[in-house]
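Whatever order the structure lists them in is the order used to number ligands and atoms, beginning at 1. Residue numbers run from 1 in the order of the sequence given.
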Amino acid sequence: MEQAIRNTLKDYNLRSTSCREDILGTFLNKEVALSHGDIEDSLGERFDRVTIYRTLKTFLEKGLIHKVLDDEGIRYALCKDNCSEQDHHHDHIHFKCVECGQTNCLANVHIPSVQLPDGYQASEVNLLIQGRCPACT
Ligand SMILES: [Zn+2]
Ligand SMILES: [Zn+2]
Ligand SMILES: [Zn+2]
């Protein structure tokens, strides 16, 4: 696991630091979208807020994780389609379970294309569906 984490960081041209390794490890372990608070909770007191914030920002820029917007704010999830710094686009739907509160990427369910009025240019599209996940139905 640790070696896999280091290799992933290396693939994304990121120097290995304990904070980067631990945060990436947390994403790999949980497999759901995580908020800043979730990550803080799971890492305990080892890193301060700013270090975690910077690490998330770096991961976002490099294409390792993407933003997941839900009704409680911003969460982050691992990119599973080999994103890179240059090519980091997502058009899949996110699903939030109202029962267990977990938010997941539905990587194979694409957001339908939306026709915008003249003059509007989309740079990011988010779609969240709320309901019950398979574990809670
Ligand atoms: Zn991505
Ligand atoms: Zn659920
Ligand atoms: Zn996603």
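Around the Zn ion (ligand 3), the protein atoms of type N, O or S found under 2.8 Å away are H66 NE2, H92 NE2, H94 NE2, C105 SG, listed by chain and number.
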Donor-acceptor contacts under 3.5 Å from residues 100-110 side chains, at least two apart:
unit_1: T103; atom_1: OG1; unit_2: D70; atom_2: OD2; d: 3.1
unit_1: H110; atom_1: ND1; unit_2: D91; atom_2: OD1; d: 2.8
unit_1: H110; atom_1: ND1; unit_2: D91; atom_2: OD2; d: 3.4

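The nearest pair of heavy atoms linking K62 to N13 is NZ-O, 4.3 Å. Of all heavy-atom pairs between L60 and K67, the closest is CD2-N, 3.8 Å. Looking at every heavy atom in both residues, I65 comes nearest to C79 through C-SG, 3.4 Å. The two residues I111 and N126 make their nearest non-hydrogen contact at CD1-C, 4.2 Å.
There is a side-chain donor-acceptor pair under 3.5 Å between S35 and D38.
The minimum distance between the Zn ion (ligand 1) and any N, O or S atom of H88 involves atom ND1.
Contact annotation: H89 places no N, O or S atom under 2.8 Å from the Zn ion (ligand 1).
Between the SG atom of C100 and the SG atom of C136, the angle taken at the Zn ion (ligand 2) works out to 110° after rounding to 10°. Centred on the Zn ion (ligand 2), the SG atom of C133 and the SG atom of C97 lie at an angle of 110°, reported to 10°.
Listed by chain and residue number, H90 satisfy the ring pair (Phe, Tyr, Trp, His ring centres under 6.0 Å) test with H88 (two or more places apart in sequence, or in another chain).
Taking a 4.5 Å side-chain heavy-atom cut-off between Ile, Leu, Val, Met, Phe, Trp and Tyr, the cluster of V68 contains only that residue.
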